[in-house]
Amino acid sequence: MKRMKVVLIFGTRPEAIKMCPLVRELKSRPAEFETIVCVTGQHREMLDQVLDVFGIVTDHDLHVMKPGQTLFDITSDVLLKIKAVLEDERPDCALVHGDTTTSFAAALAAFYLQIPVGHVEAGLRTRNLYSPWPEEFNRQAVDVISQWHFAPTETSRQNLLDEAKPADRIFVTGNTGIDALRHTVREDYSHPELDWAEGSRLILITAHRRENLGEPMHRMFRAIRRVMEERPGTKAIYPIHMNPQVRRAAHEELDGFDRLRIIDPLEVVDFHNFMARSHLILTDSGGIQEEAPSLGKPVLVMRDTTERPEGVAAGTLRLVGTDEDVIYREFSRLLDDPAEYAAMSHASNPYGDGHASERIADILAKELG
Ligand code: UD1
Ligand code: UDP
């Protein structure tokens, strides 16, 4: 049997969390795959945290991150720097993930070199190019380029069929993010921050979306603070993104309130265990919307749109937008109304059974073999 050369390209925290299980799966099958890992370094500390947790050693690192990087910087740096790597490696297939600028630029580079692309987490859609921005464009563009679409759910498969993507190129695999979750949550987990929150209802917060930078983010933080100041039995932990713009807004609105702690980004094992012990989650993140249903944790999604309707249908997610009064009202309601809380707290697995990586590896072996 021919041994296939696969290059996996990623660069941000969430891509790493969802690609590392696949890297490990492909590397565990050396007779079938030669597995090359290329990171762009769109993120630095937040990427390296994940690589360390999964014990992944990279073959190529493009080191593109710079403070305050623009979409122009990331796109052009990745595109130009990855050319030599792909020319040198000449893989049978390049795998990219999701909807970041790394994914888009890497897929474009592979296309220019006529290297077939496989898209992990294909077919997510809001159909609004500005929400999330620029991710909706990135994911649609990557799906135009890709030969293999690894769709996490039936809904994402249908989205691709609606765009006339050939049915035999679409594979429903589940989301590889759930593969990671299977190994992280532990009964006996403890952490000093959780000791601090013991006896209170723990609210977990994250925020980073580009379209929310500026006033929308200030509105979110003001709403959260108002609700929590009125309810002494709550404590919040906010592992903050490293983007200086996010940090500035958070410190401006949330400093001086001692029941809310802003801490550095948590390693993924810690974050998953914090989720598992939280009362509810407030976020604009994508990946957290997939993980929370498995853990049965209610999420208020501080965005106007979601590409994860499965979690809304399961009852775990509620879209609350970025209006201060709406977030204030919905967050208060979820804390004060036990029936409402119970209705959102059921565990379900709309994003897969934790075996997505094996399925993707099997499909690649068949398709490339
Ligand atoms: C990126 C992705 C977004 C994804 C998010 C996950 C794009 C356009 N955006 O957005 O889709 O949801 O990652 O978190 O691809 N920084 C550090 N260290 C790090 C990471 C970031 O210092 O480890 C700082 C840098 O100053 C950097 C800034 O954060 O310039 C923004 O990072 P960037 O990757 O451009 O945007 P994100 O908002 O992280
Ligand atoms: N996460 C983490 N540490 C943190 C916050 C989040 O490991 O301090 C994980 C989380 O469990 C999820 C992923 O990071 O798997 C989400 O990343 P992010 O919100 O940055 O990006 P998005 O999913 O919105 O693209």
Side-chain angles (χ1 to χ4, degrees), residues 10-21 39-54 63-75 77-78 96-106 121 124 131-139 141-142 175-181 184-185 191 193 204-213 217 237-248 262-276 278 281-292 294-295 297 299 301-303 306-308 351:
F10 52 94
T12 65
R13 168 174 66 192
E15 294 169 273
I17 291 170
K18 293 166 168 182
M19 286 293 247
C20 284
V39 295
T40 63
Q42 176 177 335
H43 283 175
R44 190 70 276 161
E45 299 87 342
M46 289 162 56
L47 170 70
D48 294 343
Q49 274 185 332
V50 184
L51 296 172
D52 285 349
V53 166
F54 284 90
H63 291 286
V64 304
M65 196 194 89
K66 51 188 172 201
Q69 59 198 2
T70 66
L71 299 176
F72 296 88
D73 297 323
I74 312 169
T75 307
D77 285 356
V78 171
V96 301
H97 182 277
D99 54 21
T100 67
T101 297
T102 281
S103 323
F104 165 62
E121 197 179 272
L124 276 65
S131 179
W133 175 82
E135 289 83 0
E136 179 67 13
F137 164 78
N138 289 340
R139 54 171 84 115
V142 174
N175 196 306
T176 53
I178 306 301
D179 300 13
L181 196 59
T184 48
V185 179
H191 192 286
E193 295 294 345
L204 195 57
I205 302 166
T206 81
H208 72 80
R209 299 242 79 83
R210 261 170 207 266
E211 70 270 20
N212 288 340
L213 295 175
M217 215 164 263
I237 296 177
Y238 176 5
I240 197 165
H241 194 286
M242 297 201 72
N243 187 334
Q245 278 180 272
V246 175
R247 292 187 165 217
R248 220 171 9 253
I262 298 177
I263 61 172
D264 277 335
L266 287 165
E267 283 188 354
V268 62
V269 173
D270 295 316
F271 191 78
H272 285 174
N273 282 285
F274 276 48
M275 283 179 78
S278 66
I281 301 162
L282 289 149
T283 191
D284 65 5
S285 161
I288 292 169
Q289 295 180 56
E290 293 153 353
E291 294 160 349
S294 284
L295 298 169
K297 296 296 172 181
V299 180
V301 183
M302 299 182 291
R303 294 173 44 182
T306 183
E307 56 294 281
R308 273 105 175 160
Y351 298 104

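In what follows, every heavy atom counts, from backbone to side chain, and hydrogens, waters and symmetry copies are set aside. Each ligand, and each atom within it, is numbered from 1 in the order the structure gives.
- Nearest to atom 17 (C) of ligand 1 by heavy-atom distance, out of His208, Met65, Arg139, Arg13, is Met65.
- Atom 7 (C) of ligand 1 has as its closest protein heavy atom Gln42 NE2, 3.4 Å.
- In terms of protein heavy-atom proximity, atom 8 (C) of ligand 1 is closest to Thr101 OG1, 3.1 Å.
- Set against the non-hydrogen atoms of Arg44, the atoms of ligand 1 under 4.0 Å away are 19 (C), 23 (O).
- With ligand atoms numbered from 1 in the order given, ligand 2 contributes 7 (O) to contacts under 4.0 Å with heavy atoms of Val268.
- Between Pro14 and ligand 1, no pair of N/O atoms sits closer than 3.5 Å.
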- Task: Go through the steps for Thr101 and Gln42 under the test side-chain hydrogen bond (donor to acceptor under 3.5 Å, both in side chains), then give the verdict.
- Result: CA-CA 9 Å; Thr101 297; Gln42 176 177 335; 5.1 Å; no
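- Atoms of ligand 1 found under 4.0 Å from any heavy atom of Thr100, numbered from 1 in the order shown, are 11 (O), 15 (O).
- A salt bridge links Arg139 with Glu136: the distance from a Lys NZ or Arg NE/NH1/NH2 to an Asp or Glu carboxylate oxygen falls below 4.0 Å.
- Set against the non-hydrogen atoms of Ile74, the atoms of ligand 1 under 4.0 Å away are 35 (O).
- Ion pairing between Glu121 and Arg308 holds under the 4.0 Å rule for side-chain N and carboxylate O.
- Close contacts between ligand 2 and Pro265 involve ligand atoms 8 (O) [criterion: under 4.0 Å to a heavy atom].
- Remark: ligand 2 atoms within the under-4.0 Å shell around heavy atoms of Ile17 are 7 (O), 9 (C), 13 (C), 14 (O), 15 (O).
- Checked against a 3.5 angstrom limit, the closest N/O atoms of His43 and ligand 1 fall inside it.
- The contact set between ligand 1 and Met46, taken as ligand atoms under 4.0 Å from a residue heavy atom, comprises 19 (C), 20 (C), 23 (O).
- Atom 8 (O) of ligand 2 has as its closest protein heavy atom Leu266 N, 2.9 Å.
- Heavy atoms of Arg209 found under 4.0 angstrom from ligand 2 belong exclusively to the side chain.
- When non-hydrogen atoms are compared, ligand 1 lies under 4.0 Å from neither the backbone nor the side chain of Pro132.
- Counting atoms of ligand 1 from 1 in the listed order, those under 4.0 Å from a heavy atom of Pro134 are 8 (C).
- The main-chain N or O of His208 is found under 3.5 Å from a side-chain atom of Asp284 such that the two form a donor-acceptor pair.
- Among Gly286, Pro14, Pro239, the residue whose heavy atom sits closest to atom 21 (O) of ligand 2 is Pro14.
- Using a 4.0 Å cut-off between heavy atoms, Lys66 contacts ligand 1 through its backbone alone, with no side-chain atom that close.
- Looking at ligand 2, you won't find any N or O of Thr206 less than 3.5 Å from one of its N or O atoms.
- The heavy atom nearest to atom 18 (P) of ligand 2, out of those in Met275, His208, His241, His272, is found in His208.
- Nearest-residue assignment for atom 9 (N) of ligand 1 (options Glu15, Gln245, Glu135, Met242; heavy-atom criterion): Glu135.
- Of all the heavy atoms of Asn138, none lies under 4.0 Å from any atom of ligand 1, so neither backbone nor side chain is involved.
- Under a 4.0 Å criterion applied to the non-hydrogen atoms of Arg210, ligand 1 contributes the atoms 8 (C), 33 (P), 35 (O), 36 (O).
- Ranking protein heavy atoms by distance to atom 16 (C) of ligand 2, first place goes to Ser285 OG, 3.6 Å.
- The shortest N or O to N or O distance between Glu291 and ligand 2 is below 3.5 Å.
- For His43 (side chain) and Arg13 (main-chain N/O), a donor-acceptor pair under 3.5 Å exists by modelled atom type.
- The contact set between ligand 2 and Gly287, taken as ligand atoms under 4.0 Å from a residue heavy atom, comprises 22 (P), 23 (O).
- Looking from atom 18 (N) of ligand 1 to the surrounding protein, the closest heavy atom is Glu45 OE1, 2.8 Å.
- Heavy atoms of Leu71 found under 4.0 angstrom from ligand 1 belong exclusively to the side chain.
- Using a non-hydrogen distance threshold of 4.0 Å, Pro244 registers as a contact of ligand 1.
- Scanning the protein for heavy atoms near atom 20 (O) of ligand 2, the closest one is Arg13 NH2, 2.8 Å.
- For Thr40 and Thr102, the side-chain atoms include at least one donor-acceptor pair closer than 3.5 Å.
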